[in-house]
Every structure is written in structure tokens, then in C-alpha cells.
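Convention: sequence-line order gives letters A, B, ...; per-chain numbering from 1.
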There are 2 protein chains.
Amino acid sequence: MNKKVILDVLGGDHGAASTLPAAVMALKQDKGLNLVLVGDKDVISAHKELAPVIDRCEIIHTTTNIGMNEHPVEAIRTKKDSSICLGMDALRTREDCTAFVSAGSTGAVLTGGFMKVGRIPGVSRPALCTKLMTYDKRGVLVLDLGANMDCKPENLVHFAIMADAYWRANPPLMNFDRYKNVKPVPRVALLSVGTEDEKGNELTLVAFAELKKLHDAGKLNFVGNMEARDTFSGKYDIVVADGFAGNVLLKTLEGTGKLFSHELKKAISGPFVLLGKLILAVRLLKMKKNLSEDATGGAILLGCKKPVIKAHGNSGARALCNAILLGRRAGDMNLYGEIEKAIGSLT
Amino acid sequence: MNKKVILDVLGGDHGAASTLPAAVMALKQDKGLNLVLVGDKDVISAHKELAPVIDRCEIIHTTTNIGMNEHPVEAIRTKKDSSICLGMDALRTREDCTAFVSAGSTGAVLTGGFMKVGRIPGVSRPALCTKLMTYDKRGVLVLDLGANMDCKPENLVHFAIMADAYWRANPPLMNFDRYKNVKPVPRVALLSVGTEDEKGNELTLVAFAELKKLHDAGKLNFVGNMEARDTFSGKYDIVVADGFAGNVLLKTLEGTGKLFSHELKKAISGPFVLLGKLILAVRLLKMKKNLSEDATGGAILLGCKKPVIKAHGNSGARALCNAILLGRRAGDMNLYGEIEKAIGSLT
């Protein structure tokens with residue numbers, strides 16, 4: 001039985017115009033990959049580049065999409081034939097389907113993950129987790145990025161435990177193979193307003209104490225509070241936050257990156273600097289690629305029974321391709337078992 | 001009677017090595033400025049560059065500093081002869097002193113502001129507020145940056161009202177003179193995880209409703225929820241957040257800026273690109289200056305009876321000079337009256 005990753009063909013700002021080229025890219029890059037494409041069968045069949053690899057694709061036909069502005073719970077409840085609902089149903093019921101990837105409405109994907117795929121027993125709340133870049137290129141996992149607005153300390157503890165299990169389940173995901181001499185124990189930090197133990201708000205202060213206990217019991221390599229400015233420092237492998245603060249972190253990063261690119265572009269514009277620009281162009285493009293969110297492709301909803309990957313709404317083919325490959329890797333891990341065991345060991 | 005800005009000479013990572021050159025710079029730049037220098041009289045007297053402007057300086061002698069790692073409340077209570085305590089005492093008691101500027105321990109400056117200078121009647125909580133840059137260079141006021149960890153909706157409403165009063169009290173501070181054709185009504189937004197009205201956490205959802213009421217009553221130009229990625233967009237003049245989220249925003253901006261500078265430096269390193277680098281050097285330096293936090297220099301603790309300015313601990317002379325000039329401008333506004341009136345109009 002071939003394992004398959006389910007792709008929401010209709011989701012995202014560009015729909016099939018992005019998702020199908022991404023599917024082709026991913027199938028070419030990973031010869032062992034099989035896909036279930038949930039979308040318009042006519043559009044999919046008409047996509048010429050898909051023809052050479054169509055034998056590794058299954059199609060679930062639908063033309064119903066959940067829009068970005070629809071109410072998530074309402075949409076998941078009523079639009080049974082939407083690509084997100086059909087995809088999630090397949091993920092839940094079919095043993096050969098290992099992961100679901102969508103660039104569609106964040107709310108709908110989260111709601112579908114909670115309602116249709118369901119939580120791993122013991123997990124209080126699933127959380128959105130992505131890898132951000134660090135100076136040393138190993139990357140850092142950050143969660144929750146916005147799935148849970150109001151968290152209790154227990155939720156933050158579960159986020160830490162889930163990310164820890166995720167990290168350990170696949171060190172190469174964290175570029176770990178480049179650092180063979182380092183013991184594979186991720187350093188877990190709590191997002192706060194200072195590194196001192198007593199810094200934070202009511203939520204993080206209690207969570208800090210709980211995480212400290214797990215550290216003292218040898219269950220988690222909790223290294224303490226951290227500040228948002230050190231996210232990329234390489235000092236931490238996992239950063240834990242409530243969904244509101246994590247979302248602010250992620251979006252400030254996006255906004256600042258955009259501002260910086262804009263200023264850089266302006267700084268090197270005009271005829272007088274053309275020569276300098278030409279010389280630097282290749283380097284700057286490489287830098288842009290390094291810093292781009294495309295490299296990760298998506299965020300995983302940790303804590304669901306099977307991996308649900310949420311790609312950015314305006315993802316291009318490259319970003320979506322990476323999201324599909326992330327889905328494939330996550331689907332091949334035993335995340336259910338690892339997370340259930342780790343959460344179970346808490347009590 | 002000459003109005004005076006009080007400068008904590010001992011505060012900051014570099015102490016007098018940064019604060020005294022900053023004082024000289026500010027006194028040269030603003031011929032109407034008078035300073036009270038709180039620090040070691042021997043060191044101050046020995047600073048040669050100060051000699052030509054020493055007639056505009058008064059010295060309050062002390063060699064006692066509050067360290068970055070001391071407990072703020074404890075330090076303010078016990079170290080009565082510290083530069084922060086003596087400076088705050090002068091601010092509170094002396095009519096000729098209009099503002100206090102320090103690059104010392106954030107905790108101590110905030111605590112001193114609360115305990116020694118005191119709140120304007122009606123203000124539930126003072127908040128740290130700074131101006132961040134925007135694409136159109138007008139800038140955006142963001143608060144609270146970390147003075148209040150756990151906020152109630154009422155606090156966020158007061159933050160909005162205070163920043164609104166601050167903005168209106170001195171439009172030129174917001175580069176307003178460049179936009180003479182725009183009506184001087186700041187657009188106030190609430191930091192959330194999406195722009196839709198129903199996005200947010202328990203705190204912001206209630207605050208949203210309260211701010212909406214003020215908008216409908218014509219008391220505040222509240223434009224709704226905003227996302228951190230749009231902080232620099234120029235769509236907002238004031239961004240309101242609780243101190244935890246605001247701190248995450250500010251520090252992610254810092255961290256991302258540093259990461260980007262690092263990558264840029266790496267991208268244009270090596271002999272092959274030397275020529276290109278030389279050509280671009282001037283432009284890139286200008287860009288760095290534009291984006292640098294030095295331009296603002298400091299954050300103001302809005303809601304205290306007199307302006308307290310907190311500069312970054314590692315501020316250089318340029319940043320501190322700007323903090324002193326900010327103190328002078330803020331001291332010349334009638335912030336006490338404007339904020340008291342605005343808060344009073346709520347009930």
C-alpha cells in the first residue's frame with residue numbers, strides 16, 4: 001500500500017495555479033511521493049506538466065472551496081463537499097493517507113484539524129508550529145503561531161512536549177545531520193520579556209514553574225525564559241508561546257523582513273549604483289532566498305492524530321512544494337505515538 | 001526660570017562615556033536646552049567637551065548607580081542616593097525640571113516613574129511608548145512596550161487615549177508638518193492576530209468593544225484591529241497592545257533587523273564583490289541610519305505626571321542625544337493637562 005499525502009488543490013490565494021505546479025515539483029523531487037489531489041478533476045487533468053507523474057496521483061473531485069472570509073466553524077460544518085472537508089475526511093478514515101496540506105483559510109484548516117482529524121489522546125490543545133531560520137542555519141521551532149488565543153499554563157507545557165517529540169522524531173528536519181557531534185536534545189525556551197526567571201506575565205510565570213519541574217525531573221531540556229530578539233540566535237531549538245504572542249512574533253518578523261527588503265531595494269536603486277547592483281545581484285538574491293519563508297513552506301498543526309500542514313495563503317509553487325515535502329516527512333514519523341507517549345509520561 | 005531636562009549620567013551600559021558626549025551633542029544642537037546632570041561631579045567636570053556649554057548645566061552629585069540586575073522596587077526603595085532616585089526626586093519636586101532621561105535599568109526607571117513621579121489622576125497604568133518607523137517616514141507610536149505585563153481592557157483603552165493625546169499635543173513629533181493637508185487626527189489600531197473585528201484574545205476582544213464605543217461617541221479615531229506585520233505600513237498612527245505583546249513586537253523587530261543586517265553583511269563580503277560594495281556603501285549606510293533605533297532614542301513613559309524617557313541600555317551618544325531632545329519636547333508639551341482631560345472625558 002502506497003502512502004499518500006493529500007493536497008488541497010483549491011486552497012490559497014492562487015488556487016490550482018500554484019498548487020498544481022507545486023505538486024509536479026514535489027513529485028519530481030521525491031520519487032517515492034504519492035499524492036491525493038482534492039480539486040476540480042477537469043483542471044487537474046488539463047494540467048499538462050502533471051501528465052508524466054499522473055500515475056502517482058489520485059484525484060478526489062470537488063469544485064467547492066472555503067473562502068478566506070467564511071466563518072471557519074460554520075464552513076467546516078456546512079460545506080461537506082469542500083476540498084478541506086473532503087481532504088480531512090480522507091486523512092481521518094484512510095490508512096494510506098498520512099498527511100494533509102492546504103494553503104486555504106487558516107481558520108478552516110485549524111477547525112478541520114480539531115473537528116475532523118481530532119486530537120491525540122492527552123493533548124489539551126493542538127498548536128501551529130513552524131521552523132524559523134537561525135544564524136547557524138539549523139533553525140528553531142516556534143509554537144503556537146495562532147491556533148490558541150487564550151492559553152492556560154498546561155497548554156504551554158503540552159506545546160513544549162509536542163515540539164520536543166517532533167524535534168526528536170526527525171532531527172534531520174532540524175538540519176541535525178550537519179551537527180553529528182551534538183547530542184540530540186533540543187533546548188526548549190519560553191517566550192517572555194526577559195531572560196530572568198521572574199520576568200513574564202501571569203501565564204508564563206506559572207508555565208515557567210511547570211516547565212522547570214519537568215526539567216528537574218529529567219523530562220525536558222528546558223533552558224528558561226527568552227526574549228523575542230534572540231529567536232534567531234541559535235541558542236534555542238524550540239520556542240514556546242501562547243498563540244497570540246507567537247502570532248505577533250511571526251508577523252513582526254514578516255513585516256520587518258518586508259520593510260528591510262523595501263529599504264534595501266530603495267537604497268540600491270537609480271542609475272548611479274547600477275554597476276554595484278549588478279555585481280551584488282546574485283548575492284542579494286541568494287540572501288533573499290535564505291531568508292524567505294518559502295524554505296519552510298508551512299506550519300504543522302502539532303497534536304492532531306495525523307499531520308495537518310498549513311501553508312501561507314499567498315504561497316507560490318516553491319513554498320507549497322516544500323509544504324508537501326514537509327507533509328510527507330511528518331507523515332512518515334510516528335508523531336501520534338511519540339506525542340501520546342510524551343504527554344502520557346507527564347502524569 | 002530656565003526649564004531643565006534631567007539626565008541620568010550613570011545609567012546605561014556605557015555610563016558617562018555615552019551620556020556626557022550625548023549631553024554635549026544635545027546642548028550644541030538645541031541652544032535653548034538646559035540640563036541637570038546627575039552623576040559624578042569629578043567625571044563631569046573633567047569632561048572637556050562640556051566646558052563650552054557648562055553654563056547651561058547643573059550638577060547633582062552622586063556615584064551610586066542602580067545596576068541592570070538589581071531588583072527594581074528594592075533598589076528604588078533603598079538606594080535613595082542613586083542617580084535614578086535623585087533625578088526622579090528633582091523631577092517631582094522642582095518646578096524648573098520638566099523631564100527625566102535615563103538609559104539605566106528599565107525596571108528601576110519604570111518603578112521610579114510609578115513610585116516617585118506618580119500617575120496623572122485617572123490613569124489606571126502608565127505605559128511605555130515609542131515611535132517606530134513606517135514606509136512613509138511619518139512613524140507610528142506603539143505602546144505598551146513592556147511596562148504592564150497583565151492588562152485589563154481598561155488599561156488598553158487608557159493607553160489609546162494617552163497616545164492619542166500625546167500625538168495631538170505635538171504633531172511635528174510625528175513628522176506631521178510634512179503633511180499639512182492631512183487633518184491631524186491619529187488613526188488608532190489595536191494589535192491583534194487579524195484585521196477582522198472578531199479576531200483576538202479575551203483581552204483584546206473586550207478592549208475592541210470599548211474602543212469601538214469611544215469611536216462611535218466621536219472620542220477616538222479607532223480604526224480597528226491590526227496585525228503586527230502592518231506595524232510599519234503607514235496605515236496606523238498609534239498601535240495599542242498589552243505590555244507582553246508589545247514587548248514581543250519591539251524585540252522581534254530588533255532581532256529581525258539584526259539578522260537581516262548580518263545576512264546583508266555576509267552577502268556582500270569577499271573580494272569579488274568589493275567594487276560593488278564600495279559603490280553601494282554610502283547608500284547602505286544611509287539605509288542603516290534610517291532603520292536604526294537611534295533615530296528615536298527612547299521610549300516615553302506616558303501617564304506619569306512629568307515625562308520620563310527610557311533610552312535603550314546600550315544606547316550610543318547619538319541615540320541618547322535624541323532621547324534628551326525627546327525629553328525636552330515632551331517636557332514642553334502640557335501632557336499632564338492633556339492626558340488628564342482626555343481620560344476625564346471618558347466618564
Specify whether B/His262 and A/Tyr135 have parallel, tilted or perpendicular ring planes, treating 30° as the upper limit for parallel and 60° as the lower limit for perpendicular.
-> perpendicular
Can you say whether A/Lys258 sits under 4.5 Å from chain B via the side chain, the backbone, both, or neither, judging by heavy atoms?
-> both
Looking at B/Asp242, B/Asp230, B/Val248, which has the largest count of heavy-atom pairs under 4.5 Å with chain A?
-> B/Val248
Give, as side chain, backbone, both or neither, the part of A/Thr106 having an atom under 4.5 angstrom from any heavy atom of chain B.
-> neither
Residues in side chain to side chain donor-acceptor pair (under 3.5 Å) contact with B/Arg229, at least two apart in sequence or another chain | A/Glu254, B/Glu227
Please round to the nearest 0.5 Å and tell me the distance separating atom CG of A/Asn148 and atom CG of B/Asn201.
-> 12.0 Å
Under 4.5 Å, heavy atom to heavy atom: which of residues 149-157 of chain A reach chain B? Give them by number, or say none.
-> A/Met149, A/Asp150
State, to 0.1 Å, how close B/Ala228 and A/Thr252 come at their nearest heavy-atom pair, and which atoms those are.
-> CB-OG1, 3.3 Å
Minimum heavy-atom distance between B/Leu191 and A/Phe244, given as atom pair plus value = O-CZ, 3.4 Å
A/Leu250 versus chain B, heavy atoms under 4.5 Å apart: side chain, backbone, both or neither?
-> neither
Nearest 0.5 Å please: distance from the CG atom of A/Leu132 over to the OG1 atom of B/Thr256.
-> 9.0 Å
Pick one of side chain, backbone, both or neither for B/Ser192, based on which atoms fall under 4.5 Å of a heavy atom in chain A.
-> both
How long is the gap from CG on B/Leu259 to CZ on A/Phe232, to the nearest 0.5 Å?
-> 6.0 Å
Quick check: are there more than 12 heavy atoms from other residues, nucleotides or ligands sitting under 6.0 Å from CD of B/Glu202?
-> no
What is the minimum heavy-atom distance between A/Ser261 and B/Phe260, and which atoms define it?
-> OG-CZ, 3.8 Å
